[in-house]
2 protein chains.
Amino acid sequence: MSNIREVARRSGVSVATVSRTLKDPQVVSPQTRARVLKAVDEAGYRPNLLARNFSSGKSFAVMVLVPNIANPFFSRVIRGIEKAAQDQGYSVLLGDTKGQSVNEQFYAGMALTNQADGLIQLDSSYPFADKDATLAASVPMVNACERIAEDDRYPVVELDNHGAAQAIAQHLLALGHRRIGVITGPVASPIVRDRLAGFREALEKRGLQLGSERVIEGEFTMPSGQRCAKALLSDTPAPTAIFCMNDEMAIGAIHQVKRMGMTVPGDVSIAGFDNIEFSQFTDPPLTTIDQPAEVLGRYAMETLRLMIDGKPLKSSRTILPFNLVLRESTGPYQDA
Amino acid sequence: MSNIREVARRSGVSVATVSRTLKDPQVVSPQTRARVLKAVDEAGYRPNLLARNFSSGKSFAVMVLVPNIANPFFSRVIRGIEKAAQDQGYSVLLGDTKGQSVNEQFYAGMALTNQADGLIQLDSSYPFADKDATLAASVPMVNACERIAEDDRYPVVELDNHGAAQAIAQHLLALGHRRIGVITGPVASPIVRDRLAGFREALEKRGLQLGSERVIEGEFTMPSGQRCAKALLSDTPAPTAIFCMNDEMAIGAIHQVKRMGMTVPGDVSIAGFDNIEFSQFTDPPLTTIDQPAEVLGRYAMETLRLMIDGKPLKSSRTILPFNLVLRESTGPYQDA
DNA sequence: GTGAAAGCGCTAACAG
DNA sequence: CTGTTAGCGCTTTCAC
């Protein structure tokens, strides 16, 4: 592995000049520049970025804490983060936490040992260990797609969850549905509460109550969607529409409806959230909320970059618009 | 940010002793150890791993090149990689290449600047730029789930693709199917060719030919599966079974069969490959090949680690067994 | 068992 | 425009 000294030797200049040639070429004379670049080429020299980063005190890496990398929605967010990171000369460290705080603490801790310059948290928990809290206070972090519960110290990039849930509710109401069930995500999550509030509000505007027997907590997984749908549909009278707070649960719910010998949307309308690619290929295709996932990721990364560089943020809360995607899993209320 | 000197000062020892206490505690006296650890605690000291890594000349990070992070099969592989990496004190840098060589070269290049100690390539292309080839020769790399075409310099961790495709063929043959179509992945991929060869071989053992009009090249995506199924089913006589080389394409194919007013498996049997979680929730649930994705990832990381440490490999080729998962998307041949 | 000191490869004052 | 030099924080001989 050749180093900067070797290049300096080969081109007969000092290491400082080599360094300058590489990072600020126009400050050295054309002749020197040519000579250095030639030597770089001949030596097969690549700067050791480990050394450069160490020298600058920064890793130029960000850690992304993702609760479940197998969730295609998060994949898209990560794509957005990665693209933005690449544009800014940063690399992306992946921390798949599976929602467990032991993993969060492990990965978040990497920012305390200078392995990452900042964190993007895609879950709703404070990722550091309590004992690290004071040290962690100086670590740049942004929350994306979620909000850390009861903690407004960190900037947030999120969807208009409240409005999106309202839109779903209005859509189902317009179709004539009155008995509507909801499969939420973990209620510890602020965005789950946002969505529930928006949904409830829309119903109440029409004079309808969302009874607690119609709200059931899932885990954002297909099996949990199936299980929750089963529970909701066992009630009498059963709901004629179910809003699921992500597409995976909606897929599980559709599966369950069919298993019970009913049809979607004939007997039960199902709506999802996220617009993952699979939602176009379910049978029937899923009515859902499209989230601008890549954009969420990009904004998160750009915001984090500002924090890392100590620049002021325009806003500590960025709320992106949703898009209601109407497909065939929702249909008019049918008199039983 | 406190450093090792600060801890040395606080505990009245030299920096060398602090360093030793942290990485090899039993070599310092108990009293000193206690004093140092106390000072570490009081100073809120965390070793700067950027410095440690620089000093040791290693990044303790591996770069994972993944063609499509939105593919849930790769998510599972990455999970396996990450878990193994964590166990070994390594971190995982993510490089979502989208199958484009410009991205591969960018991310692979990070190993040339000491930002990663090694590479795991999940695609079938040689990821370095041609001009970097000589430098790259010394970069540890392992191929997982795929093989770099015409390049046996790198160890491979893969499935028994040949056998798996044979098993699918035998299953379809046993159900009475004789006109069978295949939707492949990109034919540049060696594993696609392995699967095709295995499939063809199984047919030929029964005296059947796999005509080229029954083989069509997809892109491992749902839309391509749909498109290819449409093409295959427009032929007369149409195939009564289709083997898709991944689950996404199978999902697209099922979608298309239904669109054409036919049923699965009544009119057409569909089989997939990978056993992604969604394949349990399709309608009907998908017959497919289960790949031990996490294990593939773990082995890849463990193999890479051996290479990084300059240790000998037991084998340059690890082939893992598949598992045929029978569900309801395949059924007996029905006379038309 | 502990300390002094060199050095990892690069950057960035500071001189010239 | 270019060279000298002092670090960045840690590890690691080498002495004692």
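Below, chain A is the first sequence line, B the second, and so on; all start at residue 1. It should be emphasised that the depicted structure is a prediction, and the values quoted were computed from it without experimental measurement.
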Under 4.0 Å between a side-chain N or O of [X] and OP1 or OP2 of [N]?
{"X": "A:S29", "N": "D:dC1", "result": "no"}
{"X": "A:S56", "N": "C:dT11", "result": "no"}
{"X": "A:S14", "N": "D:dG3", "result": "yes"}
{"X": "B:S19", "N": "D:dT11", "result": "yes"}
{"X": "B:N48", "N": "D:dG9", "result": "no"}
{"X": "A:T17", "N": "D:dG3", "result": "yes"}

Under 4.0 Å, heavy atoms only, any strand: does A:V13 hit a base, just the sugar-phosphate, or nothing? sugar-phosphate

Discussion item. Should the side chain of B:R20 and the base of C:dG3 be counted as holding a donor-acceptor pair, with the cut-off at 3.5 Å?
Written reply: yes

query: What about B:R33: does its side chain form a donor-acceptor pair under 3.5 Å with the base of C:dG1?
result: no

Given 3.5 Å as the limit, does a donor-acceptor pair link the side chain of B:R35 with the main chain of B:S11, or not?
yes

Next item on the list: Considering only NZ, NE, NH1 and NH2 on the basic side and carboxylate oxygens on the acidic side, decide whether A:K38 and A:E42 come within less than 4.0 Å.
Entry: yes

Value for CG (B:D151) from OG (B:S124), rounded to nearest 0.5 Å, stands at 11.5 Å

TODO: Name the orientation class of the two ring planes belonging to B:F54 and A:F54 (parallel below 30°, tilted from 30 to 60°, perpendicular beyond 60°).
DONE: parallel

